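Have a look at the structure below before the remarks.
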Amino acid sequence: MSECLFCKIARKEIPAALVYEDDDLVAFKDIFPQAPVHVLIIPKAHCEGLADLTPETAAAAARIPQVASRIAAEQGIQAGGWRLLSNCGADAGQTVFHLHFHLLGGKPLGGKLCQ
Ligand code: AMP
Ligand code: ZN
């Protein structure tokens, strides 16, 4: 997936504000943050979204909640609380078709996930 934006970020071909990296995952600040802390966590291996998991991306994605909790602590939002979500497909509003989880926090996020 050489043209995929998030593949390029994972390969460091375009810049991003990285906050975490390991062999299989990378996390970086969202370019249009919706909350004081808004981090995207992605598997390095390309996968369009939750409907397209492969064994490799599923294994990497399974570790994302634990990594999110670590980043939340590092970003100072563990005590206040945080949200982890992934948009899958058009109705969910997915705009970048490389699997990613949004980690959001730093303010009250409200109780509703849809309008
Ligand atoms: P989604 O709408 O769930 O597909 O989320 C895609 C997210 O990617 C949006 O929140 C965008 O602001 C974010 N985004 C798009 N391009 C970049 C980029 N170059 N660096 C960081 N975040 C980006
Ligand atoms: Zn990709």
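Just so you know, these numbers use all the heavy atoms, side chains as well, and skip hydrogens, waters and symmetry mates. Counting starts at 1 for both ligands and their atoms, following the listed order. The structure displayed is predicted, hence computed values, not measured ones. The first residue of the sequence shown is numbered 1, and numbering continues consecutively from there.
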Legend entry - Metal site the Zn ion (ligand 2): N/O/S of Cys4 inside 2.8 Å: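 Yes, since at least one N, O or S atom of Cys4 sits under 2.8 Å from the Zn ion (ligand 2).
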Legend entry - Heavy-atom pair of closest approach, residues Ala60 and Pro43: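 Shortest heavy-atom separation between Ala60 and Pro43 comes out as CB-CB, 4.1 Å.
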Legend entry - Taking atom 9 (C) of ligand 1 as the reference point, the nearest protein heavy atom with its distance: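 It is Asp30 OD2, 3.3 Å.
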Can you list the atoms of ligand 1 that are under 4.0 Å from a heavy atom of [X]?
{"X": "Phe32", "value": "12 (O)"}
{"X": "Phe6", "value": "8 (O)"}
{"X": "Gly93", "value": "2 (O)"}
{"X": "Gln94", "value": "4 (O)"}
{"X": "Lys29", "value": "21 (C)"}
{"X": "His100", "value": "1 (P), 3 (O), 4 (O), 5 (O), 6 (C)"}

Inset, instruction - May I ask you to identify, for His102, whether its side chain, its backbone, both or neither come under 4.0 Å of ligand 1 on a heavy-atom basis? - result: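 Looking at His102 and ligand 1, just side chain atoms fall under 4.0 Å.
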Legend entry - Contact partition for Phe28 relative to ligand 1, non-hydrogen atoms under 4.0 Å: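 The side chain, only.
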Legend entry - Plane angle bin for Phe6 and His100 - parallel if under 30°, tilted between 30 and 60°, otherwise perpendicular: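 Rings of His100 and Phe6: perpendicular, as their planes differ by over 60°.
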Legend entry - the Zn ion (ligand 2): angle it makes with ND1 (His46) and SG (Cys7), nearest 10 degrees: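 Nearest ten degrees: 110°.
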Inset, instruction - Indicate yes or no: at least one non-hydrogen side-chain atom of Ile42 is less than 4.5 angstrom from one of Phe28. - result: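 The answer is yes, as the side chains (C-beta and beyond) meet within the 4.5 Å cut-off.
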Inset, instruction - State, yes or no, whether a side-chain contact exists between Leu25 and Lys44 at a heavy-atom distance under 4.5 Å. - result: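 They are not in contact (no side-chain heavy atoms under 4.5 Å apart), so the answer is no.
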Inset, instruction - Please test Tyr20 against Val39 for side-chain contact (heavy atoms from CB on, under 4.5 Å), starting from the C-alpha separation and ending with a verdict. - result: CA-CA 10 Å; Tyr20 176 85; Val39 170; over 6 Å; no
Inset, instruction - Determine, stepwise, if the pair Asp22 / Arg63 fulfils side-chain contact (heavy atoms from CB on, under 4.5 Å). - result: CA-CA 11 Å; Asp22 63 30; Arg63 296 180 40 246; 2.6 Å; yes
Inset, instruction - Go through the steps to decide whether Leu104 and Asp30 satisfy the test side-chain contact (heavy atoms from CB on, under 4.5 Å), and finish with yes or no. - result: CA-CA 10 Å; Leu104 296 147; Asp30 195 291; over 6 Å; no
Inset, instruction - Check His98 and report its N/O/S atom nearest to the Zn ion (ligand 2), by atom name. - result: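 In His98, the N, O or S atom with the shortest distance to the Zn ion (ligand 2) is ND1.
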Inset, instruction - Test Glu21 against every option in Asp23, Leu18, Val19 by the side-chain contact (heavy atoms from CB on, under 4.5 Å) rule and name the one that passes. - result: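 Only one option passes, and that is Leu18.
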Inset, instruction - Tell me which one of Ile42, Asn87, Ile14 gets a heavy atom nearest to atom 3 (O) of ligand 1. - result: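 Looking at heavy atoms only, the winner is Asn87.
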